[in-house]
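This report refers to the structure that appears directly beneath it.
Each ligand, and each atom within it, is numbered from 1 in the order the structure gives. Atom set for the values below is all heavy atoms of this structure, side chains included, hydrogens, waters and symmetry mates excluded.
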Amino acid sequence: MLYIELCDVYEKLEKISSKIGKTEILANFFKKCETNVLRQAVLLTLGTIFLPFENRELGVALKLAMRAISKATGFKIDEIEKLYVKYGDLGKVAEICVSQRKQKTFFKKDLTIEYVFNQLREIGFAEGEGSQDKKISILAGLLNFSQPKEARYLIRTVLEELRVGVAEGIVRDAIVMAFFKAGEKEKAVEAVEFAYNILSDYGEVAVIAKEQGIEGLKNVKPILGRPMQVMLGVKAESIEEVVRRHGKVLAEFKYDGLRLIIHKKENKIWLFTRRQEDVTAQFPDIVEEVLKNIKAKECIIEGECWPIDPQTKNPLPFQKLSQRIHRKYDIDKMVKEVPVQLNLFDIVYVDGKNLFHLPLRERREILKSVVNESEKIKFAESIVSSDIKELEEFYNKALQLKQEGIMLKNLESEYKFGRHVGGWYKIKPVMETLDVVIVGAEWGEGARSKWLSSYLFAVRDPDTGEYLTCGMGGTGLTEEQFEAMTEMLKPLIVKEEGKFVHIKPKIVVEVSYQEIQVSPKYSSGYALRFPRIERIRFDKGPEEADTIDRLIELFKSQGKKG
Ligand code: AMP
């Protein structure tokens with residue numbers, strides 16, 4: 001299938017703003033794709049070349065893309081820069097340069113989706129000495145054969161700025177619309193989501209939907225070594241509320257650390273974070289203990305790993321664990337300096353069997369039969385009770401031991417990915433916070449003029465991938481943190497307007513606030529009043545930030561409380 005057909009789809013998507021309109025366009029396109037290119041076509045509509053768990057990036061910056069355009073079209077770099085200043089979109093600039101090419105190519109070749117996808121992956125594989133030239137040469141090679149419209153979208157794809165307003169939500173609905181009858185919609189959405197949560201690849205999911213239908217999707221099994229999505233808790237108002245709803249519940253400590261999803265296949269272990277990062281190399285101590293103490297041949301178990309003070313058994317500050325997560329060398333030294341404990345709380349797969357649909361009660365039994373406790377590996381501290389007083393005492397004990405709070409879990413609930421009422425509930429003392437993405441910032445005044453000291457916050461629309469702004473502020477950071485934040489944000493600046501800079505959405509911060517107000521000033525339609533940064537969420541990527549729906553939910557719930 002030709003790449004130009006995909007570019008026509010991009011163009012249509014760009015012109016239409018309605019979500020249902022975009023879904024229809026994509027569904028028609030997916031239907032038309034031959035099975036052998038469907039996966040690549042779906043990923044390209046999301047602008048994805050490497051999946052998050054591949055730990056690889058294209059690594060194409062603006063300057064490099066400009067050099068490739070120059071090489072392919074004969075335009076000089078300063079001409080390209082001028083056009084870029086004028087249009088603010090290098091894709092558009094590439095389109096112009098290709099349409100007025102100063103050097104002609106001798107052969108003509110039609111770009112296919114398969115060829116483009118594979119060449120783009122080659123760009124990401126170029127590493128080490130000479131890699132910049134190699135990237136330029138592959139990209140220029142593609143531009144050589146491009147029509148102007150193809151050049152526009154190629155450049156936007158490599159810069160990760162496709163701008164067609166499509167993210168996972170719309171792709172999911174388009175897969176459902178393309179391959180299932182209207183009457184099966186509800187079941188199909190559920191099955192597509194289930195398979196995606198396991199495979200983390202909408203391309204593969206689309207192929208299974210097309211070839212094997214709902215049953216095929218429902219039977220998808222985890223691939224050991226490939227991270228999945230995880231189940232999370234919703235915030236509960238109180239212990240009473242959860243007991244009223246579910247009666248007897250499982251209460252567990254909510255440890256303040258790093259979620260580890262542990263995959264075991266024979267004697268190979270992988271450790272993944274909630275963000276699907278592979279942190280196996282950073283925790284050789286955990287790998288060793290897991291190998292010694294898991295009896296199953298293959299399994300996926302989950303727990304929280306936290307830095308422990310060997311004397312008091314209390315947690316060390318989370319910062320200590322961050323140091324371990326980000327350390328690429330001297331790992332053995334870090335293992336000694338920051339000892340950790342792992343508290344296990346779930347199992348979702350064992351020896352070829354999915355356990356997602358079993359109630360927690362049974363999963364826990366299986367977990368206990370598969371793992372031996374050891375000095376470093378323990379089951380999460382827990383009680384089962386419907387007695388409010390007993391549960392409150394347990395909560396106080398967790399807080400006294402300096403953990404974050406407790407989780408209350410419905411013992412009859414299945415393992416459902418994401419946050420759902422009916423499964424897990426969090427009880428912790430702080431007010432509800434929001435995890436927002438920084439999409440802009442302002443240089444400070446006076447003594448702060450060397451720092452980006454005020455930040456524009458945004459929540460995410462999971463359908464379109466758009467970031468909708470919801471407030472601005474800089475309270476909560478120390479001087480050191482301002483400096484560190486400025487260093488993190490500087491490479492992400494995409495445009496400057498006086499003192500204000502637009503920032504590529506990458507950094508997530510947890511903010512508290514006094515209240516949420518309706519506000520026409522921000523694109524979400526709401527504003528956080530007196531936002532305060534509680535911490536930088538190194539453990540979360542922008543796609544995991546809170547959504548517009550959650551912001552609206554919080555706005556409504558504060559209304560209820562008067
Ligand atoms: P939050 O990010 O506040 O929604 O909290 C969810 C996180 O709590 C999970 O991703 C885990 O890392 C962590 N956690 C700590 N203890 C537990 C537990 N006993 N059960 C489930 N999650 C836990």
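For ligand 1, none of its N or O atoms has an N or O atom of Trp424 under 3.5 Å away. An N or O contact shorter than 3.5 Å is missing between Glu404 and ligand 1 by distance. For the pair Phe253 and ligand 1, the shortest N or O to N or O distance falls below 3.5 Å.
Less than 4.0 angstrom separates some heavy atom of Glu252 from each of these atoms of ligand 1: 18 (C), 19 (N), 20 (N). Remark: ligand 1 atoms within the under-4.0 Å shell around heavy atoms of Arg419 are 4 (O). Ligand-side atoms of ligand 1 in range of Leu232: 6 (C), 10 (O), range being under 4.0 angstrom from any heavy atom.
With sequence neighbours left out, the salt bridge (charged side-chain N to carboxylate O under 4.0 Å, His left out) criterion links Glu186 to no other residue. Every residue two or more places apart in sequence or in another chain that forms a salt bridge (charged side-chain N to carboxylate O under 4.0 Å, His left out) with Arg532 is listed here: Glu534.
For the residue pair Asp549 and Thr547, no side-chain donor N or O sits within less than 3.5 Å of a side-chain acceptor on the partner. Between the side chains of Glu483 and Thr486, no donor-acceptor pair is found at a separation under 3.5 Å.
Among all non-hydrogen protein atoms, the one lying nearest atom 16 (N) of ligand 1 is Tyr255 N, 3.1 Å. Atom 2 (O) of ligand 1 has Arg274 NH1, 3.1 Å as its closest protein atom, hydrogens excluded (heavy atom only). Summary of contacts: the protein heavy atom closest to atom 12 (O) of ligand 1 is Glu304 OE1, 2.4 Å. Remark: minimum distance from atom 9 (C) of ligand 1 to any protein heavy atom is reached at Arg259 NH1, 3.2 Å. Given atom 8 (O) of ligand 1, the protein heavy atom at minimum distance is Lys254 NZ, 3.1 Å. Annotation: atom 22 (N) of ligand 1 to nearest protein heavy atom, Phe345 CZ, 3.6 Å. Scanning the protein heavy atoms around atom 3 (O) of ligand 1, the nearest turns out to be Lys426 NZ, 3.1 Å.
Below 30°, between 30° and 60°, or above 60°: for Trp424 and Phe345 the angle between ring planes is above 60°, a perpendicular geometry.
Comment: Glu215 engages Lys218 in a salt bridge, judged by a side-chain N to carboxylate O separation of less than 4.0 angstrom. Between Arg163 and Glu161 there is a salt bridge, since a side-chain N of the basic residue sits under 4.0 Å from a carboxylate O of the acidic one. A salt bridge does not link Lys428 with Asp256: none of the charged nitrogens is closer than 4.0 Å to a carboxylate oxygen.
The shortest separation from a heavy atom of Lys428 to ligand 1 is under 4.0 Å, placing the residue in contact. Residue Lys235 places every heavy atom at 4.0 Å or more from ligand 1. Heavy atoms of Lys409 come nearer than 4.0 angstrom to ligand 1 in at least one pair.
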Q. Can you check side chain to side chain donor-acceptor pair (under 3.5 Å) on Asp278 and Thr280, steps first, answer last?
A. CA-CA 6 Å; Asp278 186 335; Thr280 316; 2.5 Å; yes
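Residue Asp435 is tested with Arg537, Arg535, Arg460 for a salt bridge (Lys or Arg N to Asp or Glu O under 4.0 Å); the sole match is Arg537.
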